[in-house]
Colleague: 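Quick one: structure below, then a few questions.
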2 protein chains.
Amino acid sequence: MTVTNDDTAQYLIRTVSKRSGVKSDLVRAWERRYQAVSPVRTSGGHRVYTDQDIARLKLLNQATNNGHSISQIAQLSLDDLKQLIKTEAVTNTLQPELNQTSIRDKYHIAEDYNVKCYGAVLAFDAQALESHFENAIVELGSEAFIELLLSPLLSKIGERWKTGELRPVHEHMTSSVIRSLTYILRNNNPCPANAPRMIVSTPIGQLHELGALLAAIMAELCGWQVTYLGANLPAEEIAAAVKYTHACALTLSISFASEDNIVAKELRRIKKLIGNDVALIVGGRAASHYQGVLAEIGVPNILGYAHFKEILKQLADQHHATSNT
Amino acid sequence: MTVTNDDTAQYLIRTVSKRSGVKSDLVRAWERRYQAVSPVRTSGGHRVYTDQDIARLKLLNQATNNGHSISQIAQLSLDDLKQLIKTEAVTNTLQPELNQTSIRDKYHIAEDYNVKCYGAVLAFDAQALESHFENAIVELGSEAFIELLLSPLLSKIGERWKTGELRPVHEHMTSSVIRSLTYILRNNNPCPANAPRMIVSTPIGQLHELGALLAAIMAELCGWQVTYLGANLPAEEIAAAVKYTHACALTLSISFASEDNIVAKELRRIKKLIGNDVALIVGGRAASHYQGVLAEIGVPNILGYAHFKEILKQLADQHHATSNT
DNA sequence: AATTTTTTGTCAATGTTTTGTATAAGTTTG
DNA sequence: CAAACTTATACAAAACATTGACAAAAAATT
């Protein structure tokens with residue numbers, strides 16, 4: 001059973017209905033007849049739900065649309081429901097994706113999760129963080145999860161780390177949680193057979209892996225076959241990985257600007273080792289600090305989420321064009 | 001990817017019919033006439049089927065299409081049915097199902113996977129490695145997976161790394177794959193509410209995280225609530241994590257013996273920072289190299305898989321004893 | 001080969017259960 | 001006070017159950 005770390009039960013039934021897509025009356029009926037959810041009550045008797053309840057109802061809704069009988073699945077755990085939907089998604093080829101939630105709604109939902117997730121990071125509560133992430137993926141979908149929640153959250157963590165509100169361990173803990181989530185995200189979006197390959201890492205001296213992790217997840221979502229190597233690797237090692245996998249792209253994340261020129265040196269060495277046939281992409285908060293070197297070795301500047309996606313798409317098209325001839 | 005949720009998911013006849021390809025009426029007829037399946041009933045009398053029933057009906061359908069008489073095969077076991085279809089050698093692709101295998105078998109299966117997985121590591125094929133791991137978890141179960149496959153495999157990788165057959169990237173790639181597998185393993189074995197907490201990491205200078213990863217997974221499987229921090233963290237950071245989480249144990253992995261005394265220094269500092277109320281456990285290939293320091297700060301020597309498990313059990317008992325009073 | 005018997009899939013009639021929705025009357029909230 | 005929430009009850013469509021029958025296909029018998 002997932003540990004319910006929801007000290008903040010806070011949604012009324014109308015909100016729950018909107019977010020989960022289950023009508024208010026039906027939410028109550030499911031509770032009365034099958035104990036599908038167990039909201040606490042206000043002193044006046046109004047139902048108050050947690051965001052786990054919302055995730056639950058959303059999954060139940062999806063499962064019933066898939067042909068499952070509500071009476072049979074109402075009492076399953078959140079994890080079991082996720083399993084159920086996941087195994088179904090494999091057999092179901094056509095998924096019209098009837099998402100009623102608009103982008104505007106998603107934006108607000110993501111905002112909400114952002115606060116909660118950052119709270120969990122600050123409190124060093126890995127369990128809660130993972131739980132919030134899981135629910136957010138269900139509610140937002142992989143795409144919006146990354147764009148609206150993960151990306152801003154990691155930026156925030158990066159900033160707060162500099163001001164001293166967060167310690168390095170906070171970042172380590174967060175990467176650890178996100179790394180284990182990779183599995184869900186990947187399964188939601190199995191990569192095609194002829195996918196272009198990519199290596200993601202950070203050069204030596206760069207210990208912060210959140211940026212690299214984000215890049216890896218984004219690339220996987222864009223249909224790449226990504227091998228993630230973690231942080232702080234010397235040029236030779238990274239180049240070896242590129243060779244081994246026949247990757248056609250290498251993405252590096254640089255989030256900390258150091259005064260010594262180790263990073264610049266490493267970048268030059270990497271470029272030399274991998275040659276011109278492999279696309280080199282460098283991103284991260286501190287990438288602009290090395291603009292000189294990057295220009296020298298012919299690496300474009302990444303301007304943000306959308307830009308990175310665009311570059312990925314271009315490279316993928318290029319790859320398919322050359323591999324299909 | 002084939003995670004069977006046998007006891008959890010239950011289906012009504014409509015779903016069963018869709019999935020198995022046998023019409024509802026016929027499903028009932030087969031039950032009435034030949035007891036082909038034995039669904040339980042709801043209080044209202046509706047039939048409720050399991051995943052196994054669906055698999056069974058699928059096979060029966062296939063066999064009858066192949067010319068077999070339903071009356072003759074209706075009562076065969078699932079395995080017999082699979083045999084039947086297999087020997088028929090028609091254009092059929094079947095999914096492997098649950099099997100009861102003895103420990104002796106498991107040992108051989110693990111051996112087999114060991115070879116395959118090491119091959120995937122050597123070939124730097126993350127996809128294949130992950131796929132083998134997934135299959136192994138399903139086939140062996142979490143426990144045997146760790147004890148018979150993961151543990152020996154990581155030892156082997158450690159050795160081969162020293163001889164130069166493997167590069168550091170191989171290890172990085174492997175940790176990356178294992179890290180994302182954490183999610184499955186954890187879900188197979190959800191941790192209890194009042195579980196003792198543990199921090200797992202490696203001290204500064206220790207870049208190899210495979211040992212720590214294994215320790216973290218083992219502890220989780222033993223019912224601990226583990227926060228994994230990754231490798232190469234300074235004493236203050238590790239101690240801070242212990243404080244934040246109120247962990248009652250800290251496990252460090254040391255797999256590389258350096259001549260400088262950084263590690264020894266860090267160990268002393270960590271011990272000082274966390275005090276005597278938090279159990280400190282140090283393991284890893286190179287732990288014995290630091291026997292002097294470890295004895296000095298009162299840390300027992302880990303002698304292997306079984307020993308580690310025993311220590312975990314002792315600490316857990318101790319924790320429950322103190323927290324229940 | 002022709003006839004009878006058995007097997008097997010399908011269907012119809014009739015009643016029950018499940019499940020989403022609706023209405024009415026009272027209560028809480030802001 | 002109005003909007004939103006509550007409970008309780010009711011209702012109808014969809015889905016399921018049971019029984020029994022029927023005809024084509026397969027097997028057995030003459």
Side-chain angles (χ1 to χ4, degrees), chain A residues 8-50 53-54 56-76 81 84 88 98 100 105, chain B residues 9-50 53-54 56-76 81 84 88:
Chain A
T8 52
Q10 46 186 12
Y11 305 105
L12 289 181
I13 200 166
R14 184 168 49 105
T15 319
V16 172
S17 170
K18 259 190 200 155
R19 282 216 201 163
S20 67
V22 183
K23 287 185 186 175
S24 301
D25 282 328
L26 195 48
V27 172
R28 279 190 286 260
W30 282 359
E31 178 195 337
R32 173 166 32 93
R33 301 208 261 238
Y34 321 107
Q35 295 83 49
V37 283
S38 307
V40 295
R41 303 297 187 107
T42 66
S43 55
H46 285 197
R47 290 170 174 81
V48 179
Y49 299 84
T50 68
D53 290 328
I54 296 180
R56 195 182 172 69
L57 288 166
K58 194 156 189 172
L59 288 169
L60 285 174
N61 189 30
Q62 216 171 325
T64 50
N65 286 339
N66 253 347
H68 281 92
S69 143
I70 181 63
S71 63
Q72 296 308 308
I73 59 171
Q75 303 214 16
L76 292 185
L81 282 172
L84 202 66
E88 218 100 305
L98 37 127
Q100 311 106 319
D105 282 337
Chain B
Q10 299 184 295
Y11 310 92
L12 293 181
I13 200 166
R14 177 171 49 116
T15 316
V16 172
S17 168
K18 263 190 202 154
R19 292 254 189 109
S20 67
V22 184
K23 287 187 186 173
S24 302
D25 280 325
L26 193 48
V27 173
R28 281 189 285 258
W30 282 359
E31 179 195 338
R32 172 166 31 99
R33 303 208 261 239
Y34 321 108
Q35 295 83 49
V37 283
S38 307
V40 294
R41 303 295 186 108
T42 67
S43 56
H46 286 195
R47 290 170 173 82
V48 178
Y49 300 84
T50 67
D53 290 328
I54 295 180
R56 198 181 172 68
L57 288 166
K58 227 188 239 175
L59 289 168
L60 286 174
N61 188 32
Q62 221 162 340
T64 51
N65 285 339
N66 259 346
H68 283 93
S69 141
I70 181 63
S71 62
Q72 297 306 307
I73 60 171
Q75 305 216 16
L76 292 184
L81 281 172
L84 201 65
E88 220 90 318

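Chain letters run A, B, ... following the sequence lines, proteins first, then strands; residues in each count from 1.
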Colleague: Between which nucleotides of DNA chain C, read 5' to 3', does contact with chain B run, using atoms under 4.0 Å from its heavy atoms?
Modeller: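 In short, chain B contacts DNA chain C from C:dT8 to C:dT18.
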Colleague: Between B:Y34 and B:G44, which residue's closest nucleotide on DNA chain C lies nearer the 5′ terminus?
Modeller: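 By nearest-heavy-atom nucleotide position, the 5'-most residue is B:Y34.
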Colleague: If an axis is fit to five pairs at each end of the helix from C:dA1-D:dT30 to C:dG30-D:dC1, what is the angle between the two, to the nearest 10°?
Modeller: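 For the helix from C:dA1-D:dT30 to C:dG30-D:dC1, the axes at either end differ by 30°.
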Colleague: Report yes if the side chains of B:H46 and B:R41 come closer than 4.5 Å at any heavy-atom pair, otherwise no.
Modeller: no
Colleague: From the options D:dC5, D:dT9, D:dC16, select the nucleotide whose nearest atom is closest to the side chain of A:R32.
Modeller: D:dT9
Colleague: Reckon B:R33 has a side-chain N or O less than 4.0 Å from the OP1 or OP2 of D:dG20?
Modeller: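 Checking D:dG20 against B:R33, no side-chain N or O comes under 4.0 Å of OP1 or OP2.
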Colleague: Is any side-chain heavy atom of A:V22 less than 4.5 Å from a side-chain heavy atom of A:L60?
Modeller: no
Colleague: To the side chain of B:R47, which of D:dA17, D:dA21, D:dA15 is closest?
Modeller: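 It is D:dA17.
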Colleague: Could you check how far CZ of A:R41 sits from C1' of D:dT7, rounded to whole Å?
Modeller: 9 Å
Colleague: Report the distance from atom CG of B:D25 to atom P of D:dA15, rounded to the nearest whole Å.
Modeller: 14 Å
Colleague: Provide, to the nearest angstrom, the distance between the NE2 atom belonging to A:H46 and the C1' atom belonging to D:dC5.
Modeller: 4 Å
Colleague: Less than 4.5 Å apart, side chain to side chain, heavy atoms only: is that true for B:T64 and B:I73?
Modeller: yes
Colleague: Between A:Q35 and A:Q75, is there a side-chain heavy-atom distance shorter than 4.5 Å?
Modeller: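 The answer is yes; the side chains approach within 4.5 Å.
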Colleague: What are the two closest heavy atoms between B:K23 and B:S17, and how far apart are they?
Modeller: CA-OG, 3.6 Å
Colleague: Calculate the interatomic distance between B:Y11 atom OH and D:dC16 atom C1'; express it in whole Å.
Modeller: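 One finds 19 Å between C1' of D:dC16 and OH of B:Y11, rounded.
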Colleague: Taking NZ, NE, NH1 and NH2 as the nitrogens, is one of them in A:R28 or A:D25 under 4.0 Å from a carboxylate oxygen of the other?
Modeller: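 Salt bridge between A:R28 and A:D25, a charged N being under 4.0 Å from a carboxylate O: yes.
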Colleague: Should A:Y11 and A:D53 count as side-chain neighbours, where that means a heavy-atom distance under 4.5 Å?
Modeller: no
Colleague: Do you know the tightest heavy-atom contact between A:I13 and A:S24?
Modeller: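 So the two residues come closest at CD1-O, 3.8 Å.
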Colleague: Base, sugar-phosphate, or nothing for B:S24, non-hydrogen atoms under 4.0 angstrom?
Modeller: nothing
Colleague: Give me the atom names and distance for the closest heavy-atom approach of B:A74 to B:R56.
Modeller: O-NH2, 2.9 Å
Colleague: Whole Å only: how far is the CG atom of B:N65 from the P atom of D:dA26?
Modeller: 13 Å
Colleague: Within the 4.0 Å heavy-atom criterion, would you say A:T64 contacts the bases, only the backbone, or no part of the nucleic acid?
Modeller: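 Touches nothing.
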Colleague: Whole Å only: how far is the NE2 atom of B:H68 from the P atom of D:dA25?
Modeller: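 After rounding, the reported distance stands at 21 Å.
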Colleague: Rounded to the nearest Å, what distance is computed from the CG atom of residue B:L12 to the C1' atom of nucleotide D:dA14?
Modeller: 12 Å
